[in-house]
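Contents: one structure, followed by commentary.
On a predicted model such as this, the values are computed, not experimentally measured, just so you know.
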Amino acid sequence: MAFVVFWASNLMLTLFSVLITASVSPAAAGSGIPEVKAYLNGVDAPGIFSLKTLFVKLFLKSRCLYEPSSNCWNVMIIGSISAVSSSLIVGKAGPMVHTGACVASLLGQGRSKKYGWTWSWLQFLKNDRDRRDLIACGSAAGIAAAFRAPVGGLLFALEEMASWWRSALLWRAFFTTAIVLMILGALIEFCESGKCGPFGKGGLIMYNVTSTDISYHLWDVPPVLLLGVLGGLFGSLYNFLLDKVLRVYNVINRKCSGYKILLACSISIFTSCLLFGLPWLASCLPCPADAEEPCPTIGQSGSYKQFQCPPGHYNDLASLIFNTNDDAIRNLFSKGTNDEFQYSSILIFFGICFFLGIFSYGIVAPTGLFVPVIVTGASYGRFIGMLVGSHSTLNRGLFAVLGAASFLGGTMRTTVSACVILLELTNNLLLLPLMMLVLLVSKTVADAFDSNIYDLIMKAKGFPFLEAHAKPFMRQLTVGDVVKGPLQLFHGIEKVGNVVHVLRTTIHNGFPVIDEPPVSGSPVLYGLILRAHLIELLKKKAFLSSPEPTGIDVSEQFSVVDFAKKGSGNANKIQDIVVTEEEENMFLDLHPFTNASPYTVVETMSLAKALILFRQVGLRHLLVIPKIKRRSPVVGILTRHDFMPEDMISLHPAWTRSRWKRWRLTSPRWLNPF
């Protein structure tokens with residue numbers, strides 16, 4: 001009967017999360033960190049910050065794994081119905097980051113025509129740079145709230161999320177995370193009376209393993225280095241398998257909603273069977289005489305689950321499985337519990353977290369990777385500590401902390417932020433040198449095999465993410481080698497019909513504007529105009545009856561708000577613009593609305609230098625001008641897709657047949673052992 005309740009409740013929660021995600025906002029599936037990271041890099045994916053996405057994230061992200069016989073009614077409140085409460089090996093940190101970014105994006109819009117509210121004091125945020133900063137602060141707030149780690153959240157936003165760093169962003173994110181910590185502290189103090197269920201236990205330090213007498217010697221370094229190497233190997237294998245599984249899931253999820261539901265339900269049933277069946281393989285252990293809490297544990301939370309054991313005994317594997325992730329991590333991090341777990345139980349739990357974490361992530365539901373990675377790393381770290389035993393001065397709980405750090409470094413490749421987050425989680429500053437060492441080793445080993453997990457997910461989703469450094473082969477190319485045609489451009493005074501035709505037959509977002517005689521003495525590049533601005537001109541019908549300048553300033557018909565970036569789903573479309581046949585023969589003066597100082601590069605400039613300029617300045621369009629004067633003052637226009645290796649190969653297939661250039665387009669074989 002306990003298994004039926006466990007299986008059915010997990011299945012219903014999974015089904016609920018998949019149905020509401022698939023029907024309300026499919027963009028809310030996954031952790032959301034790759035989408036936010038891509039946006040901060042310049043990729044504006046549709047729907048990732050909409051109000052529907054925020055709704056799904058808010059209602060599907062709390063954490064409550066429960067044992068089969070417990071009463072978990074207190075999770076059925078607003079903000080607690082979640083995908084991670086269905087016993088899937090998924091986390092909450094990623095959805096929290098996405099939630100913070102959604103809130104920041106909605107605040108940055110300043111108004112909503114659909115819902116009829118306007119905050120005029122937020123209008124100054126309606127530009128790309130300030131909105132990116134606001135969303136970066138929102139992502140920092142998400143990590144700070146998930147782990148109660150304000151400085152770690154700040155560093156995570158700067159190290160992993162933001163592609164452009166400014167001193168103003170630093171203090172803004174610091175202020176944001178400080179406010180998060182103050183609100184969390186007030187809520188935790190309010191909940192200490194027990195009115196909030198399990199929330200608020202432990203104070204602001206989630207996994208307190210502080211110690212004033214930690215000492216380590218030279219012979220403690222080899223096991224720590226081994227943890228770093230294992231973290232790099234396991235992390236690269238984890239990323240490789242997750243990438244392959246996500247590609248298979250993407251094929252399944254594209255077919256129809258029924259396949260999404262069937263996939264999620266299959267994963268839920270398989271997970272329930274494993275989690276309930278594997279503890280039967282573990283032998284019962286007698287309760288320790290010096291246990292700090294009742295043994296066996298009765299209720300939702302605790303370290304000694306009785307499961308099928310007789311009175312006075314507990315099942316160590318069930319104590320890890322039928323617990324919240326937070327309690328499982330506390331058990332693994334705990335000190336003075338050297339005999340609490342068996343070798344076989346730790347290995348089985350490691351296998352469960354490793355493989356079920358991979359298979360659970362790809363379903364259409366809000367799921368995170370941070371907490372599963374910490375649990376998985378802590379399990380093999382604890383196992384290494386048990387093998388080393390008395391040969392090391394470090395206790396087994398500290399080995400679990402270092403194992404979590406090594407797996408974070410091996411999968412996510414973060415160093416500074418992961419180190420600070422774990423220090424804030426554990427309140428153990430004396431462990432800093434060893435944690436820095438294990439993070440650096442694991443990241444170095446894993447980087448020899450593949451990219452970090454979020455970059456792989458972005459690649460699988462097709463986001464054109466620009467790396468911080470150019471590929472080696474780009475140094476051999478010029479921007480003229482990757483310019484595509486035909487080039488669509490406008491004259492300073494353009495016929496309305498031509499503008500409408502170009503907008504309806506292309507999907508470009510930026511167009512060069514040139515002047516030719518008699519407006520200018522020779523063909524000259526005047527600037528760049530955006531598609532959104534052209535549509536706004538057509539919408540307001542700022543037309544001229546003749547191509548001759550009239551002296552009337554048509555820009556007076558517009559305000560700054562008219563050309564501000566629209567919120568999610570509110571952008572004007574050319575299909576909605578109605579232009580009569582008479583109006584098509586009229587003209588538009590584009591000069592007042594054109595960016596007259598766009599970034600330009602000469603066609604002979606190195607592609608690697610152009611990429612660095614494009615990324616560091618945060619451009620969306622880069623104009624290419626001829627080195628020698630030609631009839632046309634502009635050769636082409638570069639967007640981020642033109643810097644993608646895949647696009648370059650499709651443009652010049654002969655490169656793949658050249659052994660010399662193929663070596664520069666692909667990694668050596670020893671870097672791809674899989």
Side-chain angles (χ1 to χ4, degrees), residues 32-33 36 49 54 57-59 61-63 77-80 82 91-108 110 119 121-122 125 130-162 165-210 324 326 329-330 368 370-371 374 416-429:
I33 290 181
V36 178
F49 298 133
L54 175 61
K57 289 289 184 181
L58 282 176
F59 279 79
K61 70 173 188 296
S62 294
R63 180 70 180 130
I77 58 175
I78 294 178
S80 298
S82 82
K92 63 183 178 182
M96 288 290 288
V97 171
H98 200 175
T99 298
C102 285
V103 173
S105 177
L106 292 172
L107 287 176
W119 292 341
W121 58 279
L122 286 175
L125 294 174
D130 287 327
R131 183 171 292 185
R132 280 199 302 263
D133 286 357
L134 197 61
I135 290 175
C137 293
S139 62
I143 288 292
F147 295 118
R148 307 173 195 176
V151 181
L154 163 67
L155 294 176
F156 181 82
L158 295 180
E159 179 183 8
E160 181 65 21
M161 305 299 291
W165 184 89
R166 299 188 301 134
S167 58
L169 176 60
L170 179 65
W171 72 259
R172 288 174 180 174
F174 183 80
F175 174 78
T176 304
T177 55
I179 297 298
V180 170
L181 190 65
M182 292 174 59
I183 296 176
L184 271 177
L187 291 175
I188 290 173
E189 184 178 358
F190 173 76
C191 291
E192 285 181 348
S193 59
K195 297 179 181 179
C196 305
F199 175 78
K201 292 184 178 180
L204 289 175
I205 308 299
M206 295 184 68
Y207 317 124
N208 195 347
V209 293
T210 183
T324 65
D326 290 345
I329 294 173
R330 288 190 187 97
F370 238 108
V371 174
I374 292 177
V416 179
S417 59
C419 182
V420 174
I421 288 173
L422 285 174
L423 289 177
E424 291 183 292
L425 283 173
T426 59
N427 194 28
N428 200 329
L429 189 60

Task: Val416 vs Leu158, side-chain contact (heavy atoms from CB on, under 4.5 Å): CA-CA, chis, key distance, verdict - done: CA-CA 10 Å; Val416 179; Leu158 295 180; over 6 Å; no

Task: Working for side-chain contact (heavy atoms from CB on, under 4.5 Å), residues Leu134 and Arg172 - done: CA-CA 8 Å; Leu134 197 61; Arg172 288 174 180 174; over 6 Å; no

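- Of the candidates Leu169, Leu154, Thr177, Leu169 is the only one forming a side chain to side chain contact (heavy atoms under 4.5 Å, CB included) with Cys137.
- For the atom pair CG of Leu422 and CD of Glu424, the computed distance is 10.0 Å after rounding to the nearest 0.5 Å.
- Between Phe156 and Phe370, the distance separating the two ring centers is shorter than 6.0 angstrom.
- Across all non-hydrogen atoms, the minimal contact from Ser105 to Ile135 is CB-CD1, 4.0 Å.
- Side-chain contact between Leu155 and Ile143 is absent, with no heavy atoms from C-beta onward closer than 4.5 Å.
- Counting all heavy atoms, side chain and backbone alike, Ser139 lies closest to Val36 at CB-CG1, 4.4 Å.
- The nearest pair of heavy atoms linking Ala157 to Ala140 is CB-CB, 3.7 Å.
- With values rounded to the nearest 0.5 angstrom, Phe175 atom CZ is found 14.0 Å from Leu170 atom CG.
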Open item on the list: Does Leu423 form a side-chain contact (heavy atoms from CB on, under 4.5 Å) with Cys419? I'd like the steps, not just the answer.
Closed with: CA-CA 6 Å; Leu423 289 177; Cys419 182; 4.1 Å; yes

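- The heavy-atom pair separating Lys92 from Ala146 by the smallest distance is CE-O, 3.9 Å.
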